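Quick note: numbers below take in every heavy atom, side chains included, and nothing from hydrogens, waters or symmetry partners. Keep in mind that what you see is a predicted model, and the values were worked out from it rather than measured. Proteins come first, then strands; the chains are lettered A, B, ... in the order of their sequence lines, and each starts at number 1.
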There are 2 protein chains.
Amino acid sequence: MKVTMKDIAKEADVSIATVSHVINETKHISEDKYKKIMQLINKYNYIPNSTARNLREKRTKTAGMVVSSFPDTFITEMVYGVEERAREMGYNLLLVNTNEDTDYEEETIHLLHSKMVDGIILSPTSNDIEYLNKFTNENFPIVLVNRYNDIAKNTPKVTGDNFQTGYDATTHLLKHGHEKIGMVYGVSNVSTTDERINGYKEGLRQYNLPFQESYLELGHATVSGGAAAVKSLLKRHNDITALFVQNDLMAIGAISQIKDFALKIPEDIALIGFGDFASAPIIDPPVTNIVLPPDTIGKTAFDVLLSKINNPDYLKHIELPPSLITRKSCGCK
Amino acid sequence: MKVTMKDIAKEADVSIATVSHVINETKHISEDKYKKIMQLINKYNYIPNSTARNLREKRTKTAGMVVSSFPDTFITEMVYGVEERAREMGYNLLLVNTNEDTDYEEETIHLLHSKMVDGIILSPTSNDIEYLNKFTNENFPIVLVNRYNDIAKNTPKVTGDNFQTGYDATTHLLKHGHEKIGMVYGVSNVSTTDERINGYKEGLRQYNLPFQESYLELGHATVSGGAAAVKSLLKRHNDITALFVQNDLMAIGAISQIKDFALKIPEDIALIGFGDFASAPIIDPPVTNIVLPPDTIGKTAFDVLLSKINNPDYLKHIELPPSLITRKSCGCK
DNA sequence: TTGAAAGCGCTAACAA
DNA sequence: TTGTTAGCGCTTTCAA
């Protein structure tokens, strides 16, 4: 059986209150009792039951993290950032992956709430997050990360500047002289995609080029999804000379597909990917990527969550800028 | 304030026992009361406080998962497998990354234990896991995944067959005629590395080739670590004509470094990497990898954990076989 | 069919 | 400096 405070108290011949006080250092205890208790704690390798403590204290020192897709470099590194900062601050992390399932996401938030996590960092599956207001209205701390939607009230946000991301990628391609630029993305109805598309439009507008919906292609956010999307896009528009692909796995699939078409990168089709995945420099050709800093976003998100926990009025939208890492696939060099 | 069972009971004018019974369907309750209670539950969006329930029931329906490194494709996909199966079985997952820090690992296990997770899946940082016996002796369910050491008693294990992995990779290179084969790895004092080295030795032995320690090189399990390791290894032995690199990021770094040396793959140096990372087919040259199935390992590990939770005597070592995915970097085709 | 009450392990207010 | 005790929200035994 697991040792409890009561056991320690009995064996030390003191009250459980005394044991509690030495553990939490909440009152001064005479040295002999202190020593005796400490010795028993060591002897039995006793650790207070967190569940009981949580029930009593109404906080758990654990945070929930809910993401919508998992084997994805950007998300993984974001999680890593959150995890690292959480650890530094003495928090645990309850991680859930919703796999882009909205209903499961709502269920998960309910569940985590009932587990009394002190707050949640959420990268939502879609724009449909009005349900969050049920929680945020009663001041349960939820911070949105990566994706967001303003229908969710009382939620601080930490995101990349996705408008700028779309704009910079597009403009870079435009500067290389491309006018027919395709865009491949993996999820619809989320702020990241929406804003990158807006940035793309703005880029075109500034070059007096028309925007056409049909140059956009949605696919699965996987290697094969990227390949399929490019296939369908190029069949529809064989005049496309440049591609902006929104996620690392899709970019890899896109490159495979382009090669299968016996097209040259960047001569026939220039390409900009997203996120600085490790293999980008050694792919043939090396891949130009537009990058948002996932680890910084993750760490910041956790800091923001702590701020929200400690101050219910805290409300900010922190937006981090992108940067472009040019290699050969876009036509540079 | 959060709604509790008491609040529901009061408003429904029944006892909390009655409310509890309708929630858990543990007794039959008359229809009118049942309806009234259900209606209030919906009205207030009431969910029982898990912490209280856990304290009472002494189980939490959450499992701990402790891994030692994070932005690593193999680990990430393994976590994904565990996560997916856990979800299917109605469990939550408390994820902790120890970053290859042994002390932190031990702390973490203590902490998770005190949080009353129902069991833990651990991919340990090192072979020094005797401390686990403190927990497993009292039948706290811990399953080892990926890495293991037999000094930990009473722990089921789910791993890849790493001896075979090392053997198959080495033999494949041997068949291509290589005799001076270098091996680059990212962590020492763990079963995965140790067994792969044993497999490597056995391969050499069967070809009557001598084993030399100095053909082994330890580096950081990162892109730059892989590059550095190859640099140092090739400086020491410029007669090396083939390399087996134990992890995806290191393989990427190795390839960069080999290119920096203006050496050709596979003509000057053949290479086999580990784990089928997405970009392997489009790297120049496409990378041959030896593969262990991380998602299957993860899912199996969770199943095994459930078995251990339900049957304290459960004790198995499940070992999954590797497979070789040949592309050009090893000299095939 | 329903309810009263004990108790899970802990913290902290209060009393001594 | 130390101890007594109420109570966190729930489940479940026992009694009605």
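With respect to Lys43(B) and Glu11(B), a salt bridge is recorded, a charged nitrogen being found less than 4.0 Å from a carboxylate O. Looking at Lys61(A) and Asp118(A), no side-chain N of the basic residue comes within less than 4.0 Å of a carboxylate O on the acidic one, giving no salt bridge. Salt bridge present: Arg85(A) and Glu88(A) bring a charged side-chain N and a carboxylate O closer than 4.0 Å. Between Asp150(B) and Lys157(B), at least one side-chain nitrogen of the basic residue sits less than 4.0 Å from a carboxylate oxygen of the acidic one, meeting the salt-bridge criterion.
Asn24(B) has a side-chain polar atom (N or O) that falls below the 4.0 Å cut-off from OP1 or OP2 of dT11(D). For dC8(D), the OP1/OP2 oxygens have no side-chain nitrogen or oxygen of Asn49(B) closer than 4.0 Å. Between Thr4(B) and dG9(D), a side-chain N or O to OP1/OP2 separation shorter than 4.0 Å is absent. Contact annotation: Thr18(A) does not reach the phosphate of dT2(D) (side-chain N/O to OP1 or OP2, under 4.0 Å). Taking side-chain N and O atoms only, Tyr46(B) has a distance below 4.0 Å to OP1 or OP2 of dC10(D). Put simply, Lys58(A) has a side-chain N or O that comes within less than 4.0 Å of OP1 or OP2 on dG9(D).
Rounded to a whole Å, the CG atom of Asn54(A) is 16 Å from the C1' atom of dG7(D). With rounding to whole Å, Arg56(A) atom CZ is found 10 Å from dT5(D) atom C1'. Taking atom CD1 of residue Ile16(A) and atom P of nucleotide dA12(C), one finds them 13 Å apart after rounding to whole Å. If you take CZ of Arg59(A) and P of dC8(D), they are 18 Å apart, rounded to a whole angstrom. Counting to the nearest Å, the P atom of dT11(C) and the CD1 atom of Ile23(A) are 7 Å from each other. If you measure from atom CG of Leu55(A) to atom C1' of dG7(C), you get 12 Å, rounded to the nearest angstrom. One can place CE of Met116(B) at 10 Å from P of dC10(C), the figure rounded to the nearest angstrom. For the pair Met5(A) CE and dG3(D) C1', the interatomic distance rounds to 12 Å; values are reported in whole Å.
Sequence order on DNA chain D of the closest nucleotides to Ala52(B) and Asp13(A) puts Asp13(A) first from the 5' end.
Considering only side-chain atoms of Ala17(A), the nucleotide from dT11(C), dT11(D), dG3(D) that sits closest is dG3(D). Comparing atom distances between the His21(A) side chain and each of dA12(C), dC8(D), dA5(C) picks out dA12(C) as nearest. With dG3(C), dT12(D), dG9(C) as the choices, the nucleotide that has an atom nearest any side-chain atom of Glu57(B) turns out to be dT12(D).
When atom types are taken as modelled, the side chain of Asn133(A) and the backbone of Ile151(A) share a donor-acceptor pair closer than 3.5 angstrom. Formation of a donor-acceptor pair under 3.5 Å by the Asn99(A) side chain with backbone atoms of Ser69(A) is not found in this model.
His110(A) and Glu105(A) share no side-chain donor-acceptor pair at under 3.5 Å.
A heavy atom closer than 4.0 Å to some atom of DNA chain C occurs in Lys27(A), these being the qualifying members of residues 26-37 of chain A.
Ring pair His317(B)/Tyr148(B): centre-to-centre distance below 6.0 Å.
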